Amino acid sequence: MMASRRVVVFPSGVELGPVLARLVASRAEKAICSRGRFTLGLSGGSLVSMLSKELPALSNLDCSKWVAGFCDERLVSFDDPESTYGLYKNKLFCKTNIPESGVLAINPSLPVNECAEDYTRKLREAFPNESIPVFDVLLLGMGPDGHTCSLFPDHPLLEETEKIVAPISDSPKPPPQRVTMTFPVVNSARCVVFVSTGGSKATVLKEVLEGREGPAYPAARVIPTQGELFWLIDDPAASSLTTQVERPGSGTKL
């Protein structure tokens, strides 16, 4: 049973951020109650600053049973400003009590193929009873070309069905070497949340949410088989949409 998609529009990221944080916290509480831990997949870009501001602002946030992985990661050292892990380590993890052992990071010293294999092994150890890891929440962004994770338009990786983590050494967006979760993992999640803001996304967002001529954008191929799907967007990003959207009031919980 495919989940229904909810497209939720906010005036700006200022209103979106707290709702995103409460959504993550509520799914975390639910997961810890039923399974004893909360598994979260993080993405880079504007999500880093939004989460780093809003999650620590929640009262009584306890991340001691959280496990955080990365939906994709750039193959750069952790002190490089392009490192998604490095950004979260310095901006978010240090403000929470997430255990160091709960953060699944790549080994950036390995060549890209070995790095993907090593990250696959880390995910398999963290999800020992699942052939495809089922994350409680994956937080995704979308590029102006419609890419998500490091799954780019017209790239062979879009058709990957066997690997759960794949290497990419020809990313059209620098840096070229990355590892990324594949669609089988993304679409197995219990809850997928896209965050997309800004007028530069409006045209592609319309085609992702309402269809287009030609092949679907990678972001449009995120359709969780059994999970929830949210698109949290702002007014500028939503400006071309004709599809049904929700406009929540302040204090809304999703």
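Please read these numbers as outputs of a predicted model, since none were measured by experiment.
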Rounded to the nearest 0.5 Å, how far does CG of L209 lie from CG of L241?
5.5 Å
Just jot down the salt bridge (Lys or Arg N to Asp or Glu O under 4.0 Å) partners of D235, sequence neighbours excluded, or say none.
R247
Taking E210 for its side chain and T242 for its backbone only, find out whether a donor-acceptor pair lies under 3.5 Å.
yes
Where is the tightest heavy-atom contact between T96 and C63, given as atom of each residue plus distance?
CB-SG, 3.9 Å
Using only atom types and a distance under 3.5 Å, with no angle test, would you say the side chain of T120 pairs donor to acceptor with the backbone of A116?
yes
Look at the side chain of T39 and the backbone N and O of D136, then say whether any donor-acceptor pair between them is shorter than 3.5 Å.
yes
Show me the donor-acceptor pairs within less than 3.5 Å that the side chains of residues 47-56 make with the rest of the protein, sequence neighbours left out.
residue	atom	partner	partner atom	Å
S49	OG	S46	O	3.2
S52	OG	V48	O	2.6

Side-chain heavy-atom pair S171, S150 within 4.5 angstrom cut-off
no
Output a table of donor-acceptor pairs, distance under 3.5 Å, between side-chain atoms of residues 153-167 and any protein atom two or more places apart or on a different chain; print 'none' if there are none.
residue	atom	partner	partner atom	Å
H155	ND1	L157	N	3.1
H155	NE2	D170	OD1	2.8
E159	OE1	R221	NH2	3.3
E159	OE2	R221	NH1	3.3
E159	OE2	R221	NH2	3.3
E160	OE2	E162	N	3.0
E160	OE2	K163	N	2.9

For the pair F93 and Y85, evaluate side chain to side chain contact (heavy atoms under 4.5 Å, CB included) and give the outcome as yes or no after the intermediate values.
CA-CA 10 Å; F93 299 154; Y85 166 77; 4.2 Å; yes
Within one Ile-Leu-Val-Met-Phe-Trp-Tyr cluster: V14 and V8, side-chain cutoff 4.5 Å:
no
I'd like to know whether T225 forms a side chain to side chain donor-acceptor pair (under 3.5 Å) with N187, so could you lay out the CA-CA distance, the side-chain angles of the two residues, the decisive distance to 0.1 Å, and finally the verdict.
CA-CA 6 Å; T225 43; N187 283 327; over 6 Å; no
Looking at NZ of K206 and CZ of R212, how far apart are the two atoms once the value is rounded to the nearest 0.5 Å?
13.5 Å
Is the shortest heavy-atom distance from the side chain of L138 to the side chain of C191 under 4.5 Å?
no
So, for S64 and N97, which heavy atoms are closest and what is the spacing to 0.1 Å?
N-OD1, 3.6 Å
Can you tell whether the side chains of R27 and E228 come within less than 4.0 Å, N to carboxylate O?
yes
Closest non-hydrogen atom pair, I132 against S188
CG2-OG, 3.5 Å
V24 and L139, any side-chain heavy atoms less than 4.5 Å apart
yes
Between R22 (side chain) and A25 (backbone), is there a donor-acceptor pair under 3.5 Å?
no
Determine yes or no for a side-chain-to-main-chain donor-acceptor pair under 3.5 angstrom, with T148 supplying the side chain and M142 the backbone.
no
Could you tell me whether the side chain of E73 and the main chain of T84 form a donor-acceptor pair under 3.5 Å?
yes
Taking the side chain as every heavy atom from C-beta outward, state whether L23 and V19 have any pair of such atoms under 4.5 Å apart.
no
Is the number of heavy atoms from other residues, nucleotides or ligands under 6.0 Å of K89 NZ greater than 12?
no
Between Y119 and F70, ring centroids under 6.0 Å
no
If the threshold is 4.0 Å, N to carboxylate O, is there a salt bridge linking R121 and E117?
no
Short side-chain to backbone donor-acceptor contact, E207 and G211, under 3.5 Å
no
Single-linkage hydrophobic cluster Y88~V76, side-chain heavy atoms < 4.5 angstrom:
no
Between CZ on residue F78 and CG on residue N90, distance to nearest 0.5 Å
11.5 Å
Has K65 got more than 12 heavy atoms of other residues, nucleotides or ligands less than 6.0 Å from its NZ?
no
Can you tell whether the side chains of D72 and R178 come within less than 4.0 Å, N to carboxylate O?
yes
V193 and L140, any side-chain heavy atoms less than 4.5 Å apart
no
Roughly how far, to the nearest 0.5 Å, is CD1 of I168 from NZ of K173?
11.5 Å
Taking all non-hydrogen atoms of both residues into account, name the closest pair between S43 and C71 and its distance.
OG-CB, 3.5 Å
Under a 4.5 Å cut-off applied to non-hydrogen side-chain atoms, are T243 and R5 in contact?
yes
Any donor and acceptor pair, going by atom type alone, linking the side chain of D118 with main-chain N or O of E114 inside 3.5 Å?
no
So, R74 and D80, do they make that salt bridge, N to O below 4.0 Å?
no
Do F230 and L20 pass the side chain to side chain contact (heavy atoms under 4.5 Å, CB included) test, and can you show the C-alpha distance, the side-chain angles, and the key distance before you say yes or no?
CA-CA 10 Å; F230 290 94; L20 172 66; over 6 Å; no
Of V67, V192, V185, which meets side-chain contact (heavy atoms from CB on, under 4.5 Å) against F135?
V185
Tell me whether the count of non-hydrogen atoms from other residues, nucleotides or ligands lying under 6.0 Å of CD in E29 goes above 12.
no
Taking the side chain as everything from C-beta on, heavy atoms only, tell me whether I233 gets closer than 4.5 Å to F10.
no
Under the ring pair (Phe, Tyr, Trp, His ring centres under 6.0 Å) rule, what pairs show up with a residue in residues 202-225, not counting sequence neighbours?
none
Return a table of donor-acceptor pairs under 3.5 angstrom between the side chains of residues 100-112 and protein atoms on other chains or two or more places apart.
residue	atom	partner	partner atom	Å
N107	OD1	S109	N	3.0
N107	OD1	S109	OG	2.6

Write down the atom of D234, the atom of G198, and the distance for their closest heavy-atom approach.
OD1-N, 3.0 Å
Distance-minimising heavy-atom pair for L254 and L232:
CD1-CD2, 3.6 Å
Between atom CZ of F183 and atom CG of L151, what is the distance when rounded to the nearest 0.5 Å?
5.0 Å
Does some side-chain heavy atom of W231 sit less than 4.5 Å from a side-chain heavy atom of V208?
yes
Residue pairs fulfilling salt bridge (Lys or Arg N to Asp or Glu O under 4.0 Å) with at least one residue in residues 192-202, sequence neighbours excluded
none
